[in-house]
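Some notes on the structure that comes next.
Remember, it's 1-based here, ligands and their atoms both numbered in the order they're listed. Computed over heavy atoms, backbone and side chain alike; hydrogens, waters and symmetry mates excluded.
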Amino acid sequence: MKLLDGKVVLITGAARGIGRAIALSCAQAGANIAFTDMNADDNFTSLEKELASFGVKAKGYVSNAADFSSTEKTVEEVVADFERIDVLVNNAGITRDALLMRMSEEQWDLVINVNLKSVYNLTKAVQRTMLKQRSGSIINMSSVVGVSGNAGQSNYSASKAGLIGFTKSIAQELGPRNIRANAIAPGFIETEMTKAIPEEARQAWTEKIPLRRAGQAEDVANLVVFLGSDMSSYISGQVINVCGAMLT
Ligand code: NAI
């Protein structure tokens with residue numbers, strides 16, 4: 001018996017990076033996978049195939065997590081296709097870094113909508129199904145900078161801090177119905193998002209990490225498998241850092 005056997009996991013923004021690793025790790029642990037992303041590109045279609053090779057049911061949905069009505073429609077389709085949703089992973093996220101002096105209203109709004117409003121959209125759309133099931137695990141992808149702040153990322157940090165407040169509130173609101181909510185705060189994880197950082201700056205970051213390495217997407221995915229499984233059935237309302245002790 002695998003940790004996620006028979007469970008249905010819905011992951012946003014899973015075509016690449018951390019979301020992709022989460023989808024693959026959950027499928028390996030026996031879960032059926034519904035995932036979303038913005039476009040049905042090569043990453044998207046190859047993920048559908050890779051997931052199916054684990055012998056689980058897998059389907060991708062083109063859907064913008066920041067869009068309320070598109071999200072409602074997508075979640076309806078997922079429930080029609082999979083009949084239930086046991087785990088929701090709000091993973092989709094973007095950066096538009098700038099010092100406040102140079103940050104445009106557009107950069108602010110986009111990051112808040114994609115990183116924070118999306119979490120409201122998805123959780124609201126999924127809650128009816130989880131309430132009916134009287135079980136569920138909601139996992140929201142925050143960041144260490146949502147806890148500590150970071151110069152040049154006031155929009156991103158605000159969105160990731162807001163998501164922590166949302167997670168703790170939902171854990172209290174839905175706990176009596178056996179629905180759990182937790183946030184993960186990754187540190188410096190090697191993905192497309194962090195590839196943009198120049199090599200010198202990457203080295204400087206790594207030196208500040210007590211485990212002396214950047215994290216891998218799988219390091220985050222392993223925690224998602226645990227939080228999605230019944231092994232974590234008494235863990236809710238928490239923020240768990242995956243950062244090699246960068247933030248203690
Ligand atoms: P990534 O940029 O490699 O992948 C993000 C995925 O989300 C892409 O496939 C993208 O198309 C999709 N996406 C973007 N906007 C979307 C939307 N509106 N609707 C649906 N899908 C959308 O990013 P990465 O590094 O994998 O990050 C995943 C999550 O982890 C994000 O929430 C990010 O903020 C968070 N995170 C990442 C860290 C890192 O070091 N890479 C550190 C801390 C948090």
Side-chain angles (χ1 to χ4, degrees), residues 10-25 34-48 60-75 78 88-97 107 109-122 125 139-150 153 155-164 166-167 183-197 201-202 205-206 208-209 211 213-221 223-224 239-244 246-247:
L10 168 60
I11 309 150
T12 63
R16 61 169 204 237
I18 294 173
R20 188 181 186 96
I22 291 170
L24 291 168
S25 296
F35 72 90
T36 74
D37 214 297
M38 294 291 278
N39 307 297
D41 59 11
D42 288 351
N43 288 329
F44 183 101
T45 45
S46 71
L47 179 62
E48 256 183 351
Y61 301 80
V62 173
S63 181
N64 177 359
D67 184 310
F68 184 81
S69 42
S70 155
T71 298
E72 263 196 328
K73 201 173 139 269
T74 302
V75 169
V78 172
L88 166 65
V89 188
N90 283 309
N91 166 77
I94 56 164
T95 52
R96 289 293 182 275
D97 299 349
Q107 286 173 315
D109 285 345
L110 189 62
V111 168
I112 297 295
N113 283 337
V114 174
N115 295 6
L116 183 56
K117 188 178 176 223
S118 65
V119 177
Y120 159 78
N121 292 344
L122 266 298
I139 302 165
N140 296 326
M141 208 53 72
S142 182
S143 163
V144 288
V145 307
V147 181
S148 66
N150 195 23
Q153 287 198 307
N155 51 357
Y156 184 77
S157 303
S159 71
K160 295 299 187 182
L163 190 153
I164 291 173
F166 182 84
T167 305
I184 298 179
F188 183 53
I189 311 294
E190 275 177 350
T191 65
E192 299 273 327
M193 190 181 263
T194 45
K195 251 188 209 157
I197 301 170
R202 289 159 65 91
W205 269 95
T206 311
K208 275 191 253 161
I209 300 169
L211 284 181
R213 67 169 177 90
Q216 299 302 309
E218 289 71 26
D219 293 318
V220 180
L223 178 57
V224 171
V239 183
I240 305 176
N241 299 351
V242 181
C243 67
M246 187 167 110
L247 185 74

Indicate every side-chain donor-acceptor pair of residues 139-150 with a distance under 3.5 Å to a residue at least two apart or in another chain.
from: Asn140; atom 1: OD1; to: Asn90; atom 2: ND2; distance (Å): 2.8
from: Asn140; atom 1: ND2; to: Thr167; atom 2: OG1; distance (Å): 3.0
from: Ser142; atom 1: OG; to: Lys160; atom 2: O; distance (Å): 2.9
from: Ser143; atom 1: OG; to: Val145; atom 2: N; distance (Å): 3.1
from: Ser148; atom 1: OG; to: Val144; atom 2: O; distance (Å): 3.1
from: Asn150; atom 1: ND2; to: Gln153; atom 2: OE1; distance (Å): 2.9

- [ ] Check ring-ring contact (aromatic ring centres under 6.0 Å, His included) between Tyr61 and all other residues, then give those that pass, not counting sequence neighbours.
- [x] none
Open item on the list: Any salt bridge linking Asp41 with Arg16? Criterion: basic side-chain nitrogen under 4.0 Å from a carboxylate oxygen.
Closed with: no
Task: Interatomic distance, Asn115 atom CG to Asn91 atom CG [nearest 0.5 angstrom] - done: 10.0 Å
Extract all N/O-N/O pairs under 3.5 Å that connect ligand 1 to the protein, and present each with both atom names and the distance rounded to 0.1 Å.
from: ligand 1; atom 1: 2 (O); to: Arg16; atom 2: NH2; distance (Å): 2.9
from: ligand 1; atom 1: 3 (O); to: Arg16; atom 2: NE; distance (Å): 3.3
from: ligand 1; atom 1: 9 (O); to: Asp37; atom 2: OD2; distance (Å): 2.6
from: ligand 1; atom 1: 11 (O); to: Asp37; atom 2: OD1; distance (Å): 2.6
from: ligand 1; atom 1: 18 (N); to: Asn64; atom 2: OD1; distance (Å): 2.8
from: ligand 1; atom 1: 19 (N); to: Ala65; atom 2: N; distance (Å): 3.0
from: ligand 1; atom 1: 25 (O); to: Thr191; atom 2: OG1; distance (Å): 2.5
from: ligand 1; atom 1: 26 (O); to: Ile18; atom 2: N; distance (Å): 2.8
from: ligand 1; atom 1: 32 (O); to: Asn91; atom 2: O; distance (Å): 2.7
from: ligand 1; atom 1: 32 (O); to: Lys160; atom 2: NZ; distance (Å): 2.9
from: ligand 1; atom 1: 34 (O); to: Tyr156; atom 2: OH; distance (Å): 2.5
from: ligand 1; atom 1: 34 (O); to: Lys160; atom 2: NZ; distance (Å): 3.1
from: ligand 1; atom 1: 40 (O); to: Gly187; atom 2: O; distance (Å): 3.3
from: ligand 1; atom 1: 40 (O); to: Ile189; atom 2: N; distance (Å): 2.8
from: ligand 1; atom 1: 40 (O); to: Ile189; atom 2: O; distance (Å): 3.2
from: ligand 1; atom 1: 41 (N); to: Ile189; atom 2: O; distance (Å): 3.2
from: ligand 1; atom 1: 41 (N); to: Thr191; atom 2: OG1; distance (Å): 3.2

- [ ] Could you list the residues that satisfy salt bridge (charged side-chain N to carboxylate O under 4.0 Å, His left out) with Lys208, not counting sequence neighbours?
- [x] none
TODO: Taking all heavy atoms of Ala92 and all of Ala65, pick out the closest pair and write down the distance.
DONE: CB-CB, 4.4 Å
